[in-house]
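Here is the structure we will look at, set down as structure tokens.
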Number of protein chains: 2
Amino acid sequence: MKYTAHINVMPLKELLDPQGKAVNNSLHNLGLTNINEVRIGKHITLQLEAASKDEAEQMAREACKKLLANQVMEAFDVTLAEG
Amino acid sequence: MKYTAHINVMPLKELLDPQGKAVNNSLHNLGLTNINEVRIGKHITLQLEAASKDEAEQMAREACKKLLANQVMEAFDVTLAEG
């Protein structure tokens, strides 16, 4: 069966996020001063061919651990949808 | 009130995504051959101070249009949660 995985890879909460900080400042300069705590990570979508949803999730997590996320600095979460 | 916005900025479906293509090939080289159609974008979280959820959503969309997304090449979606 076909599944679509939506994966978010975000910098760990304990770490500074200089890119987010820079964007935060730029938003303030643009007049959007009610916005704070900007953090920027990656959003990845991919299609999986798997026998079951469990197998698809396992595959997506393996992809995250092996390539998509650097677990020293980043956390990931995986959401799966059919089709 | 405080809201948290989760924003995804993805390359438009009509456009090639060379980063996604490269990751797709790397996943195949790692043995994950059942994964395809990898597309990579940004995931942004930020906190908003707004009077209502509608106002918060408007503010988040303004931030996307002004800074976070390049609408010539990217599409964005915004999800809001309280707190």
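Naming: A, B, ... by sequence-line order, numbering from 1 per chain.
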Exercise for review: I would like to know whether A/Glu37 and B/Leu46 meet side-chain contact (heavy atoms from CB on, under 4.5 Å); could you show each step before the answer?
Suggested key: CA-CA 5 Å; A/Glu37 309 217 17; B/Leu46 45 85; over 6 Å; no
Point to revise | Candidate pair B/Leu32 and A/Glu62, rule side-chain contact (heavy atoms from CB on, under 4.5 Å), full reasoning | key: CA-CA 9 Å; B/Leu32 293 158; A/Glu62 197 185 335; 3.8 Å; yes
Check your understanding: Take atom CE in A/Met73; do more than 12 heavy atoms of anything else shown fall under 6.0 Å from it?
Key ->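 At most 12 heavy atoms, drawn from other residues, nucleotides or ligands, come within 6.0 Å of this atom.
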Check your understanding: Hey, is CD on B/Gln71 packed in by over 12 heavy atoms from elsewhere, all under 6.0 Å?
Key ->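 Enclosed.
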Exercise for review: Write out, in numerical order, the residues from residues 13-27 of chain B with a heavy atom short of 4.5 Å from a heavy atom in chain A.
Suggested key: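 Listed by number: B/Val23, B/Ser26, B/Leu27.
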Point to revise | Options A/Ile44, A/Thr33, A/Asn8, ranked by heavy-atom pairs under 4.5 Å with chain B, top entry | key: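 It is A/Asn8.
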Point to revise | Pairs of heavy atoms under 4.5 Å with chain B: top-ranked of A/Met59, A/Glu49, A/Arg39 | key: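 The option with the most such pairs is A/Arg39.
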Exercise for review: Show your working on side-chain contact (heavy atoms from CB on, under 4.5 Å) between A/Ile40 and B/His43 and close with a plain yes or no.
Suggested key: CA-CA 6 Å; A/Ile40 300 182; B/His43 183 71; over 6 Å; no
**Study point:** Region of A/Leu68 in contact with chain B, defined by heavy-atom distances below 4.5 Å
**Key:**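 Interface part for A/Leu68: side chain.
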Point to revise | Part of A/Met10 within contact of chain B (heavy atom distance under 4.5 Å) | key: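 Only the side chain of A/Met10 comes within 4.5 Å of chain B.
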Exercise for review: Answer yes or no: is there a side-chain heavy-atom contact under 4.5 Å between B/Thr45 and A/Val38?
Suggested key: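 No. Closest side-chain heavy atoms not under 4.5 Å.
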Check your understanding: What are the two closest non-hydrogen atoms of B/Leu30 and A/Lys66, and how far apart are they?
Key ->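 That would be O-NZ, 3.8 Å.
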Point to revise | Pair A/Ile35-B/Leu48, side-chain contact (heavy atoms from CB on, under 4.5 Å): steps then yes or no | key: CA-CA 5 Å; A/Ile35 294 179; B/Leu48 299 132; 3.5 Å; yes
Practice item. Among the options B/Asn36, B/Thr4, B/Val9, pick out the one with the most heavy-atom pairs lying under 4.5 Å from chain A. Key: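 Max contact count across the listed options: B/Asn36.
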Point to revise | A/Gln47 side, atom CD; B/Asn34 side, atom CG - distance, nearest 0.5 Å | key: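 It is 12.0 Å, given to the nearest 0.5 Å.
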